[in-house]
Every structure is written in C-alpha cells, then in structure tokens.
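Following: one structure in structure tokens, then a few remarks.
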Amino acid sequence: MGISKFLLLFNLLIGGLQAQELVSSDRFLLKVLDRAVSFQDVNYQLRNLKALNCIYDDALIVSYFEKSFLSELDGFVKKFPENDDEVIKYLHENTELLKKIRHLFKLLRYSEDQNKMVSNELSKLIREGTRENNCQKAILHKDSLKTNFKNLIETELYLRSRYDGQLRTHKRNFDFIRPSIDLFVESLDKQFSHEYYW
C-alpha cells in the first residue's frame, strides 16, 4: 500500500513538472504598463476576435481593426517560429502588425478599468449566438464565458457606450467614427507605456 501511494505521488510530481515545462514554452512579445503579453495571449485574442466577428458581424472592435486584421493575425500566429533568433527577426519583420496588436492590448487594458461588466443576460445571448451561428465554442466556459473573451466583450461595450450615439446619428456608418477612435487609441498609446521583447 505504501509503495503504490509513493508511485502515485511520484507520477503526479512528474506530471506536474511536465506541465510546468509546457507552460514555460510560451513567449512574451510585449509589455503594456505592468503586464506582459505572450504569444498565447495573442492566440487567445485571435480566437476571441474570430468568435466575436461570427456572433456579431457589426462588432465595433472588429470594424475598427478591420476584418483583414483577423487574417493577418492568423498568418502571424501560424508562421510564428520556434527558434529564439528566428522569433526576433520575425517580430522585426512584422512591426506594423505588432503595432496593431499593441493597440488592441492597450484597449483591452483600458477597458478593464471602465466597469463595463458583462451581465448574465448578455452572456446568455452570446452563448445562444455562438450556437445559432455555429461559432467557436472555445470562448465558452461551463455556464459562462472565458475570462479573456469577457475582457474583449467589455472593450466592445466600452466602445459602444462611447461611440454609439455618433453611429446612430450617421446611420451606422463606421467611417464617421473611425477618426474619433483613432484619436482615442493614439492617446492611449501615448498614455500607456509599452516595450517589446526583441
């Protein structure tokens, strides 16, 4: 009995160490304020943006970054090298896309402080929209939504609360509010410090 407990503990420890190795293989790409953004974070937000675009085809955050951003980001993730030297070169080759990624994560960071909570009703609507539109179910968590997807929804709610009046005035034409969002994002970019992990 003592030996089997020892073996079980040993297996759990070895399994735990392997899991730790797997987690540490993620790579940090940039830092926004006090928070590092990893390759995995970018991958999650790509998944989230695709799901949001599938659920709501008029999502402001997708309209702002444009649908082409989704395919650019998809290509960036798929071609991301494993070797450190290649990663540094790859990041330097993709500075324009990194700038958009930086802006996205600064928007996400800013919206966290704006108290735009995702209500249970909205969560239910999103879950229903996910099923009805046959969207990625990876954004769902038990009877709620994944935390990083909620953060994206909070950003969407913030943008809607800030720009919806202007959109209604201009018959939902996004091009009328784009310059305002550009100014807002530029001011955030100056206000929130960042650094790249080259």
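No side-chain heavy atom of N48 sits under 4.5 Å from any side-chain heavy atom of I153. Within the 4.5 Å cutoff, the side chain of D84 has heavy atoms near those of the R27 side chain. Within the 4.5 Å cutoff, the side chain of Q40 has heavy atoms near those of the N43 side chain. Residues F69 and V62 are not in side-chain contact: their nearest non-hydrogen atoms beyond the backbone lie 4.5 Å or more apart. Under the 4.5 Å side-chain criterion, counting only non-hydrogen atoms from C-beta, F184 is in contact with Y110. Contact annotation: the side chain of F176 never approaches that of K171 to less than 4.5 Å [non-hydrogen atoms, C-beta and beyond]. Residues I101 and L29 have side chains not in contact (no heavy-atom distance under 4.5 Å, counting atoms from C-beta outward). Annotation: side chain of E154 is in contact with side chain of V118 (closest heavy-atom distance under 4.5 Å).
Annotation: side chain to side chain donor-acceptor pair (under 3.5 Å) contacts of K116 (sequence neighbours excluded): none. Listed by chain and number, the residues in a ring-ring contact (aromatic ring centres under 6.0 Å, His included) with F192 amount to none (sequence neighbours excluded).
Annotation for K137: atom NZ counts as buried by contact number, over 12 foreign heavy atoms lying within 6.0 Å. The number of heavy atoms from other shown groups lying within 6.0 Å of NE2 (H92) is above 12. Applying the 6.0 Å contact sphere to CD of E82 captures no more than 12 heavy atoms from other residues, nucleotides or ligands.
When all heavy atoms of L70 and L46 are compared, the closest pair comes out as O-CD1, 3.5 Å. Summarising the geometry of K146 relative to A138, their closest heavy-atom pair is NZ-O, 2.9 Å, with the distance given to 0.1 Å. Pairing each heavy atom of M117 with each of L157, the nearest pair is O-CD1, 3.7 Å. Taking both residues in full, the closest heavy atoms of L98 and L91 are given as CD1-O, 3.4 Å, listed atom of the first, atom of the second, then distance. Nearest heavy atom pair, residue L108 against residue L152, reads CD2-CA, 3.7 Å. For the residue pair C54 and N133, the shortest heavy atom distance occurs at O-ND2, 3.2 Å.
Y56 places no side-chain N or O within donor-acceptor distance of the main-chain N or O of G129, the cut-off being under 3.5 Å. Formation of a donor-acceptor pair under 3.5 Å by the S144 side chain with backbone atoms of H141 is not found in this model. A donor-acceptor contact shorter than 3.5 Å is absent between the side chain of N53 and the backbone of L49.
Look at D182 and R178 and you find no salt bridge, because none of the NZ, NE, NH1 or NH2 atoms lies under 4.0 Å from a carboxylate O. Looking at D143 and R127, no side-chain N of the basic residue comes within less than 4.0 Å of a carboxylate O on the acidic one, giving no salt bridge. Under 4.0 Å is where a charged nitrogen must lie from a carboxylate oxygen, and between K78 and D74 at least one such pair does. Of the charged side-chain nitrogens involved, none lies within less than 4.0 Å of a carboxylate oxygen, so that D57 and K67 do not count as a salt-bridged pair. Ionic pairing of D189 and K99 is not present here: no N-O contact between side-chain nitrogen and carboxylate oxygen is shorter than 4.0 angstrom. Electrostatic pairing of K150 and E156 does not count as a salt bridge here, judged by no charged N lying under 4.0 Å from a carboxylate O.
Taken to the nearest 0.5 Å, the OG atom of S71 stands 9.0 Å off from the NZ atom of K50. D113 CG to Y158 OH: the interatomic distance, rounded to the nearest 0.5 Å, is 11.0 Å. We find the NZ-CZ distance between K100 and F76 to be 12.5 Å, quoted to the nearest 0.5 Å. Rounding to the nearest 0.5 Å gives a distance of 10.5 Å between CG of L125 and CD1 of I55. Separating the NZ atom in K31 from the OG atom in S38 is a distance of 14.5 Å, to the nearest 0.5 Å. K190 contributes atom NZ, which lies 11.5 Å from atom CG of L188 (distance to the nearest 0.5 angstrom).
Aromatic rings from F149 and Y44 are positioned such that their centres are separated by 6.0 Å or more.
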Can you check side chain to side chain contact (heavy atoms under 4.5 Å, CB included) on L33 and S193, steps first, answer last? CA-CA 5 Å; L33 290 174; S193 62; 4.0 Å; yes
Stepwise, does the side chain to side chain contact (heavy atoms under 4.5 Å, CB included) test hold for R35 with E112? CA-CA 13 Å; R35 192 173 300 166; E112 282 180 31; 2.6 Å; yes
Could you walk me through whether K124 and E121 pass the side chain to side chain contact (heavy atoms under 4.5 Å, CB included) test, one step at a time? CA-CA 5 Å; K124 283 178 191 170; E121 292 79 20; 5.7 Å; no
Evaluate the side chain to side chain contact (heavy atoms under 4.5 Å, CB included) criterion for residues F65 and L73: first the C-alpha distance (whole Å), next the side-chain angles of each, then the deciding distance (0.1 Å), finally the verdict. CA-CA 11 Å; F65 284 99; L73 204 51; over 6 Å; no
Taking it one step at a time, do R168 and D164 satisfy salt bridge (charged side-chain N to carboxylate O under 4.0 Å, His left out)? CA-CA 6 Å; R168 270 186 268 126; D164 210 42; 3.6 Å; yes
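For the residue pair H194 and K106, a side-chain donor N or O sits within less than 3.5 Å of a side-chain acceptor on the partner. In this structure, a donor-acceptor pair under 3.5 Å is absent between the side chains of N148 and D41.
Applying the 4.5 Å side-chain rule to ILVMFWY residues, one finds F28 in the same cluster as Y197.
The cluster map of Ile, Leu, Val, Met, Phe, Trp and Tyr, joined by side-chain heavy atoms under 4.5 Å apart, puts V77 and V37 in the same cluster. Hydrophobic clustering, with ILVMFWY side chains joined whenever heavy atoms are under 4.5 angstrom apart, keeps F80 apart from I88.
Relative orientation of the Y196 and W198 rings is tilted, given thresholds of 30° and 60° on the angle between their planes.
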